[in-house]
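The structure appears below as structure tokens.
Every chain is numbered from 1 and lettered A, B, ... according to where its sequence line falls, protein lines coming before strand lines.
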Amino acid sequence: MNIRRASVAALRCWLRHHDLVNPAHLGSRLRLGFYASRATAATATTTNMTRILCVAEKPSIAKAVATHLSGGQYQTSNTRNTYIKNYSFTFDFGPPWGHCDVTMTAVKGHLTAVEFPGDYKQWEFPPPDSLFDAPVLTVVPDDNKSIAKNIEDQAKRATALVIWTDCDREGEHIGSEIRDAARKGNRQIQVKRARFSNVERAHILSAARRLVSLDEKQVDAVAARIELDLRIGYAFTRFLTLSLRPMGGPLQGLTLSYGSCQFPTLGFVVDRYFRVKNFVPEPFWSIKVMHERDGIKVNFNWARHRLFDRMMAVVLYERCLVARTATVTKVSEKPTRKFKPLPLTTVELQKMATRFLRMTGQQAMTIAEKLYNKGFISYPRTETDRFDRGMDLRALVRKQTQDSRWGPFAQNLVDGAFQQPRQGRHDDKAHPPIHPITYAAPQALDDGERRLYELVVRRFLACCSDDAKGVASDVEMLYGDEVFSAHGVMVLERNYLDVYPYENWSGTAVLPRFTVGERFEPTEALLSEGKTTAPSYLTEADLIALMDANGIGTDATMAEHIEKIQERQYVRTVPRGGGGAGDADDGSWPRTGWSCGAGRPRRGSGGGGGGSGVREFIPTSLGVALIEGFDRMRFETSLGKPFLRKEMELKMKAICEGRTTKQLVLRESIEGYRRVFEQSRAELNVLKAACRQELKHVGLVMSAVVFGRPLLEQNATLRIETPRRI
DNA sequence: GCAAGGTC
């Protein structure tokens, strides 16, 4: 083909066929005679292909994507960063680029960070509220400089950048950070983004051929969040620390931080604490009927459950006794099942680890990270509780058949008992549920890894098994004018329960036979008296569940916020059951001057605890004072409540949907927080009063006093003051 | 010395 004589249309077609150029840019370049010589050269040698730079959010994804795009045929080179490698290969992106030379590399999460200029580094001056409108700089932290430089250098030789970050808002923002780094090296570089939600081969290949643009709205939403967290966090932290420090004592050496996630987290702990403290037991009465038949004792439950009026209960009870016989009114027997668990998410993993493995959420995440890096489990940060239909789960089950503990169970699944896992409703579009990747022999793991790996495997096998099945029998009877019922289950097939010791099927008593219309005289009928009991203090699993439900933090950061409020001495944990006042105020604590508001000893209950290693969260008096202080200032929304974070979430969503803009959100939010700040400054005496009260008592007795009210006495008996918060 | 969000 003679290029100089060809029409533009024909040229376009030819160039496209030879994978040389994006036809959209052809016109201007043709006029410059750009392609005449280049195309000729290209026919002579095939090495002059379009260069594409691909960048993933993390090294593992870069490797996985490179493997799929190259068919395993890539060359690896090291960069100046230990964790980051560049993979070179060729790949046919289809039109307009066609067959390309590709370099695939990665960042490690966010590439940049925000900070205030040097003249705002001092805490005292300019005053903290100046941070609301101080300039904010975006910088590449030292740790990331080599990563940014690698992208900048690679971009110089590339026609286009393809961003392979996770398919979520943060991923979109990280994409914009990568774009900016690439443009530093090549201002002309085209920018595209691959949308993918797992690293399965066909999915990745299809994503590579269906590139989209970066979503600037999502980028803006995250940028707004980043800037607000910085301004508000720094301003309130400096304000709190500086205004309370002059009061001396333990306040002198502490950093009193505020953060949009750590404060609501503290708020949950304080809230539960008051519910326990202010709980007033109420007496109630209930009729208990037991009937023995065929050697089985059947307990019938009163349809009214319980009454808080003693006289009424007595009257109804007497009517039962007068009637003497009960009449069976309903008998039913029907198949029932106990559902197997959903595929494992990060939040679930943390809840289970804190309940059953005696780990903190933070420890569980660190261990999960290690297992992931060794290739034993999938990516441990995921919100997804449904497996992609295309995944070969049977192959993963087969890998577990060699284990002595759950191998036979896995083998049974392989031999035909396999069932597709349940499909949850969450999908983060970035990662599958947590599951084992390869088999890890117990000797290959340390103690913590072994226990967590076991949990992941058992959960996975349970997911691939069948629900437990049984027959439920229900009997209803009339005794006097009162209705009673009994429920029993006969377990027929345990299925997943055999591999999943974290659950059992309680109430599995088998009922003897009853027939409708029959009359019998109950073996026993009693009027029993009871008292309502206080809720338990929060366990870590409860706290994680609350944060999750209220959108406080992300799966990856919840454990960090929980650590943070302990580090700041806002809360502490005590073993459930062993955690009484004496325990909480052990020798180590008064050294800081803050007594801890632990209550009476409690026995394991609720929260799925059971294990003796479960710890519960109790606020220190400092934590109580901060939350109460802010609550008492009567803002429209207290800083200690989760609503502000939720509002931020809604605003981010609005930016993403184009209903508002980053600029508007920033302006509104900054003004809002500035008002809260002014009000806090004006009502500082409220906060100070709380702390002063506190300081006076420190070192005298081991009692926590907030706003002049004793919260607990030194001994373990609970003294209930007038409830102030319900 | 301060935040929250990624990731190793």
Side-chain donor-acceptor pairs under 3.5 Å in residues 111-127 of chain A, sequence neighbours left out?
unit_1, atom_1, unit_2, atom_2, d
A:Thr112, OG1, A:Glu177, OE1, 3.2
A:Lys121, NZ, A:Phe116, O, 3.1

### Task
Keeping to residues at least two apart or across chains, list the salt bridge (Lys or Arg N to Asp or Glu O under 4.0 Å) pairs with something in residues 553-565 of chain A.
none
### Query
Counting only side-chain N and O atoms of A:Arg568, is one of them less than 4.0 Å from OP1 or OP2 of B:dG1?
no
### Query
Stacking between A:Trp123 and the base of B:dG1 (centre distance under 5.5 Å, interplanar angle under 30°)?
yes
### Query
Any side-chain N or O of A:Thr557 less than 4.0 Å from the OP1 or OP2 oxygen of B:dG5?
yes
### Query
OP1 or OP2 of B:dG1 less than 4.0 angstrom from a side-chain nitrogen or oxygen of A:Ser257, does that happen here?
no
### Query
Using a cut-off of 4.0 Å on non-hydrogen atoms, how would the nucleic acid contact of A:Arg225 be classed: base, sugar-phosphate, or nothing?
base
### Query
Taking the side chain of A:Ser260 as its heavy atoms from C-beta onward, which of B:dG6, B:dA4, B:dC2 lies nearest to it?
B:dA4
### Message
Less than 4.0 angstrom from a charged side-chain N to a carboxylate O is my criterion; do A:Arg381 and A:Glu369 meet it?
### Response
yes
## Note on the structure
Rounded to whole Å, the CG-C1' distance (A:Leu644 to B:dA4) equals 15 Å
### Message
Classify A:Val114 by what it touches in the nucleic acid, base, sugar-phosphate, or nothing, heavy-atom distance under 4.0 Å.
### Response
base
### Message
So that I can tick it off, tell me whether A:Asp166 and A:Lys58 are bridged by a salt bridge, with the cut-off set at under 4.0 angstrom between side-chain N and carboxylate O.
### Response
yes
### Query
Toward the 5' end of DNA chain B, which comes first, A:Leu242 or A:Tyr379, by nearest nucleotide?
A:Leu242
### Summary
Rounded to whole Å, the CG-P distance (A:Asp220 to B:dG5) equals 19 Å
### Query
Can you tell me if the side-chain N/O atoms of A:Arg381 get under 4.0 Å from OP1 or OP2 in B:dT7?
yes
### Message
Quick check for you: among B:dA3, B:dG5, B:dG6, whose closest atom lies nearest to any side-chain atom of A:Arg645?
### Response
B:dG5
### Task
Could you check which residues of residues 166-173 of chain A get a heavy atom under 4.0 Å from DNA chain B? Sort them by number, please.
A:Asp166, A:Glu170
## Note on the structure
Which of B:dC2, B:dA4, B:dG1 is nearest the side chain of A:Arg245? It is B:dG1
### Task
Take the protein atom CG of A:Leu111 and the nucleotide atom C1' of B:dG5, then report the distance between them rounded to whole Å.
14 Å
### Contact under 4.0 Å: A:His561 side-chain N or O vs B:dG5 OP1/OP2
yes
### Task
Grab the CD1-P distance between A:Ile232 and B:dG5 for me, whole Å please.
13 Å
### Task
Round to the nearest Å and state the distance from A:Glu560 atom CD to B:dT7 atom P.
11 Å
### Message
Under the side-chain hydrogen bond (donor to acceptor under 3.5 Å, both in side chains) definition, can you give me all pairs with a residue in residues 661-670 of chain A, not counting sequence neighbours?
### Response
A:Lys651-A:Ser669
### Residue pairs passing the side-chain hydrogen bond (donor to acceptor under 3.5 Å, both in side chains) test where at least one lies in residues 129-144 of chain A, sequence neighbours excluded
A:Asp133-A:Arg674, A:Asp142-A:Lys145
### Message
Can you tell whether the side chains of A:Asp215 and A:Arg169 come within less than 4.0 Å, N to carboxylate O?
### Response
no
Taking distance alone, no hydrogens or angles, what donor-acceptor pairs closer than 3.5 Å link side-chain atoms of residues 240-247 of chain A to residues at least two apart or in another chain?
unit_1, atom_1, unit_2, atom_2, d
A:Thr241, OG1, A:Thr237, O, 2.7
A:Thr241, OG1, A:Leu256, N, 3.1
A:Thr241, OG1, A:Leu256, O, 3.3
A:Ser243, OG, A:Phe239, O, 2.2

### Query
Which whole-number value in Å describes the distance from A:Lys58 NZ to B:dG5 P?
16 Å
### Summary
Only residue of A:Phe263, A:Phe630, A:Tyr234 satisfying ring pair (Phe, Tyr, Trp, His ring centres under 6.0 Å) with A:Tyr258 is A:Phe263
### Query
Which part of the nucleic acid, if any, lies within contact of A:Pro128, taking any heavy atom under 4.0 Å across all strands shown: a base, the sugar-phosphate backbone alone, or nothing?
nothing
### Query
CD of A:Glu57 versus P of B:dG5: gap in Å, rounded?
14 Å
### Query
Which part of the nucleic acid, if any, lies within contact of A:Tyr258, taking any heavy atom under 4.0 Å across all strands shown: a base, the sugar-phosphate backbone alone, or nothing?
sugar-phosphate
### Query
Is the distance from OP1 or OP2 of B:dG6 to the nearest side-chain N or O of A:Thr554 less than 4.0 Å?
yes
### Query
Out of B:dC2, B:dT7, B:dG6, which has the shortest distance to the side chain of A:Tyr234?
B:dC2
### Message
How many whole angstroms separate atom CG of A:Leu266 from atom P of B:dA3?
### Response
14 Å
